[in-house]
There are 4 protein chains.
Amino acid sequence: MTTDRPLRADAARNRALLLAAAEEAFAEHGMDASVADIAARAGIGKGTVFRHFPTKDDLLAAVMRDRIDALTAAGERLVEAGDPGAALLEFLTLAAESQQRNDMSVLQEAHVVNERLAVARTRMFVLIERLVDRARRAGAIRADVTGADVVLLMCAPGHVAAFAPRPGPDLWRRYLAIIFDGLRPAGATPLPVDPPRMG
Amino acid sequence: MTTDRPLRADAARNRALLLAAAEEAFAEHGMDASVADIAARAGIGKGTVFRHFPTKDDLLAAVMRDRIDALTAAGERLVEAGDPGAALLEFLTLAAESQQRNDMSVLQEAHVVNERLAVARTRMFVLIERLVDRARRAGAIRADVTGADVVLLMCAPGHVAAFAPRPGPDLWRRYLAIIFDGLRPAGATPLPVDPPRMG
Amino acid sequence: MTTDRPLRADAARNRALLLAAAEEAFAEHGMDASVADIAARAGIGKGTVFRHFPTKDDLLAAVMRDRIDALTAAGERLVEAGDPGAALLEFLTLAAESQQRNDMSVLQEAHVVNERLAVARTRMFVLIERLVDRARRAGAIRADVTGADVVLLMCAPGHVAAFAPRPGPDLWRRYLAIIFDGLRPAGATPLPVDPPRMG
Amino acid sequence: MTTDRPLRADAARNRALLLAAAEEAFAEHGMDASVADIAARAGIGKGTVFRHFPTKDDLLAAVMRDRIDALTAAGERLVEAGDPGAALLEFLTLAAESQQRNDMSVLQEAHVVNERLAVARTRMFVLIERLVDRARRAGAIRADVTGADVVLLMCAPGHVAAFAPRPGPDLWRRYLAIIFDGLRPAGATPLPVDPPRMG
DNA sequence: TATGAATGAGCATTCATTCAT
DNA sequence: TATGAATGAATGCTCATTCAT
């Protein structure tokens, strides 16, 4: 099933079309996007969807994994950049932009998380930890904030903006700014609860 | 139809059981909670659900309205309280506690919002505006933050905490603290986008 | 249940209201008229409907019986009238007028026919037999037509007219005229099949 | 959607089974026939019904269309036949035979009539008009009878016969004969109401 | 291998009928 | 006695998944 043998050229093309279509459909309708709709958008048969991914959940997981991997890759470049605080902010900006296109919060529906997705997610968590540690050491963010905090807060700007009745396409930037201000050392008040452990 | 004639004793009891069951089920599964499940949780027949609420949407709207009304009522008391900043923070605390029990974000699915719910929501928005104005005038929060911002941010602590794999029951307090720090004047950076207009 | 003890005054009034409402509702929606609708039209509770008639079928049967009885009563007067042919035609006219208000064909749905209805129907059949015999003997209708034929044909004008897209309120008279011409001796061709036996 | 691409062999077989089952079920229970029952009679799954016809109404419309088309095709042959009066009578005979198997009167429930059905129906109406005109010009039927009259009367023999408690399979022939006698010029009395306009 | 036809569990909703008030 | 609240079987329809072509 999930052997990593290289796909035939047309199969690879179909897989790409399928993932793109699925990303679009999941972005629009969340988990309620129908397999039939996704197949139609991809211009392939419904059966072919299931040839590539044994369940709809697996398809969603693959979409998520791709997005997480892309974000992680972008983050890897930032982790070496000059200003640690700016690097973290830039990473969160990229994350929000990515989420603008496709909400990752479906991930909470536990059944979605298969092993390969978990691996990608962990890799991203580790990267975020590094970005946060660097920023903290540089004094760009408050001392009592952890990588796990940032992981959880990452989706908030997108979600908050999405609540607006007719959100402008950049509204999330407003809330990212507010939340990032909350992460800065200036004027920080003590946090009342211990940070969570991820994983 | 919607006359507010007092219900028979048993009907009132069923209505309460139903709303409690619905609150629980919607909290767990969002709009995907099934009417059959809700009826079973309430220990009543499926048909009885529809006697009380003509559609599932109406049931959800009623659940939401109850919660919004309770929150608004609590807020009305705070709006006259001593410290404007503390009052706003207390309101947001109550909101997050309430959301802990039942996520309001389903409200985004537009079809849910019937007229009575819209009225309740507007009343709450007006209250929040007053709380925010007072806090702003008192210098407890930054000048560039509006009531609409707070409305949108209100659910964020709950959502952020819910992303954690095994969130402690008070984890949201941590993120409310961070976000509220982001609303304080100290160390505020300029906001890049105009605030949204609600309604 | 169906004891013939005289009803209390208000119960009798309710029964009359109920029958009128039911006649109206059945005329509009046939057997699909809902008990709730009928009760509402009558201004009484749904439970009261079932106190008067144990099932919806029984209610329909009662409506039918009333109409059949009224028609039979009118026919009794005609059976002694001067011109036998005119009397039969007049009876069929009354029948069609009555059907204009409420289609009797639901009667075909066998479950509807309870005993009391059957009695009323038989009484009407006997009357029709007499009207037909008289008309036949007077040469007003052809010799090979029986009372049973007329019983079956009785509803046809109303049905035929009802098929028209926007039937005028008197269209059935056109088809009654045609069918009655078919019953006249003039130009009659032999009938290919034996007449049915009623009951 | 409605492309007329040839169906796969098994799909075509299922479609035929489905239409036959639907014809039977609609004949027995009218529009109240349940989709589940139809599917069971056809020996296919409920979902398959909806794959072939998006709604129950569409299924009924298809059944009707098939019958109307078959009848129209048969009529086309008659319209060129020798004796115009015999041709019309033969057509009405075919129509009644066809109705014996499946009552067309459900067509009155307006929602059933989709566009393709309307086209088929209009085609049949035009054909009937031609048959009637020819018969009228030949003096086989009275001068004051129109195509629309015949359209409306077409179902009457079947309906009338169906009212009989245990109708013989040929009873309708008796009433077709009577009604057709009513259409003949011999002994015709003037018609009291204008003919309807179809469509 | 790709397709889309078939499947059936699941869903929201209706309604005749029963029963507590 | 009259009411209308409660019930649950039944209905039309959807959709992830399986399987014959």
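All chains are named by letter (A, B, ...) in the order of the sequence lines, taking the proteins before the strands, and each is independently numbered beginning at 1. Predicted model, so just to flag it, every value in this text is computed and none were measured.
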message: Reading DNA chain E from 5' onward, which residue's closest nucleotide shows up sooner: G43(A) or G45(D)?
response: G43(A)
field: Between P of dT11(F) and CG of D32(C), the distance in whole Å
entry: 13 Å
Under 3.5 Å, which donor-acceptor pairs link side chains of residues 38-47 of chain C to any protein atom two or more places apart or in another chain?
| from | atom 1 | to | atom 2 | distance (Å) |
| --- | --- | --- | --- | --- |
| R41(C) | NE | D37(C) | OD1 | 3.4 |
| R41(C) | NE | D37(C) | OD2 | 3.1 |
| R41(C) | NH1 | E24(C) | OE2 | 2.6 |
| R41(C) | NH1 | E28(C) | OE2 | 3.2 |
| R41(C) | NH2 | E28(C) | OE1 | 3.0 |
| R41(C) | NH2 | D37(C) | OD2 | 3.2 |

task: Under 4.0 Å between any heavy atoms, over every strand shown, what does S34(A) touch: base, sugar-phosphate, or nothing? Just pick one.
output: sugar-phosphate
message: When you compare the side chain of F53(B) with that of V35(B), does any pair of heavy atoms fall below 4.5 Å?
response: no
message: Output the rounded distance in Å from CG (L17(D)) to P (dT7(E)).
response: 11 Å
task: Using whole Å, report how far CZ of F53(B) lies from C1' of dA6(F).
output: 15 Å
message: For a 4.5 angstrom cut-off between non-hydrogen side-chain atoms, does L18(A) reach L59(A)?
response: yes
task: Mind calculating the distance between CZ (F26(D)) and P (dT11(F)) to the nearest angstrom?
output: 13 Å
query: Between dG4(F) atom P and R51(C) atom CZ, what is the distance in whole Å?
result: 14 Å
field: By side-chain hydrogen bond (donor to acceptor under 3.5 Å, both in side chains) - contacts of T55(D) (at least two apart)
entry: D58(D)
message: Dot-bracket, 5' to 3', for DNA chain E please: Watson-Crick or G-U pairs under 3.5 Å, [ ] where pairs cross earlier ones, | where the partner sits on another strand, dots elsewhere.
response: .||||||||||||||||||||
Protein-nucleic acid N or O pairs under 3.5 Å, nucleotides 17-21 of chain F:
| from | atom 1 | to | atom 2 | distance (Å) |
| --- | --- | --- | --- | --- |
| dT17(F) | OP2 | K56(A) | N | 2.9 |
| dT17(F) | O4 | K46(A) | NZ | 3.3 |

- request: Please work out if A42(D) contacts a base, only the sugar-phosphate, or nothing of the nucleic acid, heavy-atom cut-off 4.0 Å.
  value: nothing
- request: Have a look at A33(B) and say if it touches a base, only the backbone sugar-phosphate, or nothing, with a 4.0 Å heavy-atom cut-off.
  value: sugar-phosphate
message: Can you list everything that forms a side-chain hydrogen bond (donor to acceptor under 3.5 Å, both in side chains) with D32(C)? Sequence neighbours excluded, please.
response: none
message: Check this one for me: any side-chain N or O of H52(A) less than 4.0 Å away from OP1 or OP2 of dA2(E)?
response: no
Gap between atoms CD1 and C1', on I44(D) and dT7(E) respectively (whole Å): 10 Å
task: State, yes or no, whether a side-chain contact exists between L19(D) and E23(D) at a heavy-atom distance under 4.5 Å.
output: no
message: Would you compute the distance between atom CG of L60(A) and atom CG of N114(A) and round it to the nearest 0.5 angstrom?
response: 9.5 Å
query: Between atom NE2 of H159(A) and atom CD of Q99(A), what is the distance when rounded to the nearest 0.5 Å?
result: 5.0 Å
query: Starting at CE of M31(A) and ending at P of dC15(F), how long is that distance when rounded to a whole Å?
result: 13 Å
query: When the nearest nucleotide of DNA chain F is assigned to N14(B) and to T48(C) on a heavy-atom basis, which residue is associated with the more 5' position?
result: T48(C)
- prompt: Considering residues at least two apart in sequence or located in another chain, which fulfil the salt bridge (charged side-chain N to carboxylate O under 4.0 Å, His left out) criterion with D57(D)?
  reply: none
message: Nearest whole Å is fine: how far is dT11(F) P from H29(D) NE2?
response: 10 Å
